[in-house]
Amino acid sequence: MWADTWVLSIIVVGLIACLALGVAKPATLFLMAWILTYMLGMVELETALASFTNTSLVILVLLVLATAALEKTSLFGRLSMAIGKGSLPVTMAKLGMSTAILSSFSNNTAVVASLISVVRRNQLHAPSKLLLPLSYAAILGGTLTLIGTSTNLIVNSFVENAGLEPLGFFEFTQVGVVIVIAGIGLLVLLSHWLPDTSKGQDEQSLPYLLEAKVAEHSSLVGLSVADNKLRALRQLYLVELERSGIRICPVPPQLLLQSGDILRFSGDVGSVELLHQFDGLEWFGKHQAKGQNLVEAVLAPSSSLVGSSLKSSQFREGYDAAVMAIRRGHQQLKGGLGDIVLQAGDVLLLTPGDGFKSAELNSRDFAAINGLAHSVRLDDRRSHWVIFSFVAVIAMSVFEILPLAKGLILLLLGYFAMGAVSLSELRRRFPLELVVIVGSALNLASLMLQTGLADSLAMGLLSLFDSVGVMAAFVGVYLLTLLLTELITNNAAAALAFPIAYAMALHFGVDAKPFILAVVFGASASFISPYGYQTNLMVFNAGNYKFSDFIRVGLPLSLLYSGIVIFMVPLLFPF
């Protein structure tokens, strides 16, 4: 046993060091540690593999897959209209609360990924003023429910593995509500400290041509171009309006829109998202779009499409794909999208059907076909069904009508049947790295408890606080988890801190719940470093931030967050 303890100590120390130094991806390092424990005879293969079928881990995977459909609903598209109004504090408050609520029931990484484009479309405030608070609000919102963040489910998997009663869905909501309200209030005060890193872009750098028609019952009808805010869009420019066959260019801001007007925009590949926020705007290819991811297809010189228009070639019928936009280098295209005579090298932005990639002509007609991260929004009917069914499954789980795992499986089958997600999307979204980390971490955590290594580490932590009592031990566990989170990511921190926290509770002979919650909240307390949490890293690049920006706003937030956790957890969950 002592030999196993020493060997496991070396493995754990080496793992932490490699994680902190960034030697390899966390998934690779955890997998290597898992393989080592098996190869050295510290665990049987059947036991080691059982870690990858933990119930909470399965639920986590299903949630990540389910959010692939949730991200494409009209809910996210409409947020841009609601958020982008008012002063910076008002905008920050609305964005923060919306993000926190969405993150409490959906994967916060997926929420931030979807809302980054919403923030960039905001017309009144620089995106860099809002992107970092967006990440922080998602982290805060993840503390509201059990499924708010992957870390909560990971800790719950450790709890179940240790034979303890699983955490409830709203187990720590009381603490989370205080954290969210206080945290967002502080972000409202601190957001003006963030720099404006936005850079102007001109029309020539955004060469895609997009086309949309004003529907008969559109709310845009009767209002001017300026009142509809069609000339103040980021990365999307209204270059032409066609009415009764007459083209108007440039478009006067005071011109009142009529039903049947055709609007033509110049924008980048992501700007097609912007058209979803306008009620009654029928963009080109909308009726063929089913919520799938977009692809860019480059027209080959040998293509039979060269010299033809989209209408004359009956593109949709022949290729099982709808054209959303066309790009021709940096040239400013003019005229109707369906009437443009195609040339070799033209780039078509497509929403592909199921038979697109299997079409025999693709290899001859397209020089390259590239998948994009952008996806088309679902229509309103399917959006409503996706949101309603997701809420229904969560509600049935909360009221113990249907187990969450079964509900999510039925939900995914329903999403697939209605065309909200495809098998290729599910394969692409499968969180393989997360499964590897959690499964390997469960194995390590069990070994740390079995060999007594966790108890030894707990005693070492106690000595640092001079054995002044259980409260000091609780604070020590929380601070240890917080430090590990900033150094080696949240999921890895939870995996390494849980066995120490549990051993600490056993040593004092007290309820383990406060120590478990110290790990839950500590692993979600990544505010100072852009590398501790995935959403921080996402906005770090998108907002063109510096490390000092995280310290300027994140340090006060971390102190407030920690104070609330250290005060409220022992109060609501006595030792």
Side-chain angles (χ1 to χ4, degrees), residues 75-106 108-144 148-149 176-199 229 232-235 273-274 277 524-528 530 533-561 563-564:
L75 176 66
F76 288 100
R78 290 171 181 168
L79 276 175
S80 58
M81 294 296 286
I83 289 170
K85 297 176 182 178
S87 63
L88 180 60
V90 171
T91 300
M92 181 60 252
K94 290 191 292 186
L95 176 65
M97 293 306 299
S98 301
T99 304
I101 293 171
L102 288 172
S103 295
S104 67
F105 291 99
S106 181
N108 51 18
T109 302
V111 170
V112 171
S114 298
L115 291 182
I116 280 178
S117 60
V118 172
V119 171
R120 283 175 166 171
R121 293 199 299 267
N122 164 64
Q123 305 304 312
L124 298 179
H125 311 292
S128 56
K129 294 282 188 181
L130 299 171
L131 285 173
L132 185 54
L134 168 69
S135 176
Y136 288 160
I139 295 173
L140 297 175
T143 65
L144 290 171
T149 176
V177 167
V178 177
I179 286 174
V180 167
I181 294 174
I184 291 176
L186 182 63
L187 288 174
V188 169
L189 297 175
L190 298 180
S191 58
H192 70 278
W193 285 9
L194 289 168
D196 180 354
T197 61
S198 60
K199 296 179 180 179
K229 298 183 178 179
L233 300 171
R234 288 183 185 271
Q235 298 184 328
E273 270 300 296
L274 289 170
Q277 66 180 280
S524 290
S526 178
F527 304 110
I528 301 173
Y533 210 88
Q534 188 171 354
T535 59
N536 285 351
L537 200 56
M538 291 165 65
V539 300
F540 181 58
N541 295 318
N544 196 25
Y545 292 113
K546 297 178 181 178
F547 194 93
S548 58
D549 296 324
F550 281 80
I551 297 176
R552 184 183 299 119
V553 177
L555 183 57
L557 183 60
S558 184
L559 292 173
L560 175 67
Y561 179 100
I564 293 172

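The structure presented is a predicted model; accordingly, all values stated were derived computationally and were not measured.
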All N/O donor-acceptor pairs, side-chain side in residues 177-188, below 3.5 Å, sequence neighbours left out:
none

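- The backbone N or O of L132 lies less than 3.5 Å from no partner atom in the side chain of S135, so there is not a single donor-acceptor pair.
- A distance of 8.5 Å separates NZ in K546 from CZ in R552, rounded to the nearest 0.5 Å.
- Side-chain contact between T99 and L95 is present, with heavy atoms from C-beta onward closer than 4.5 Å.
- Nearest heavy atom pair, residue K129 against residue L194, reads NZ-O, 2.5 Å.
- A525 approaches Y561 most closely through the heavy-atom pair CB-CE2, 3.6 Å.
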Taking distance alone, no hydrogens or angles, what donor-acceptor pairs closer than 3.5 Å link side-chain atoms of residues 136-143 to residues at least two apart or in another chain?
from, atom 1, to, atom 2, distance (Å)
Y136, OH, F527, O, 2.5
T143, OG1, L140, O, 2.6

Applying side chain to side chain contact (heavy atoms under 4.5 Å, CB included), run through L88 and L130 and close with a yes or a no. CA-CA 9 Å; L88 180 60; L130 299 171; 3.9 Å; yes
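- Without hydrogens or angle criteria, S98 side chain to K94 main chain gives a donor-acceptor distance under 3.5 Å.
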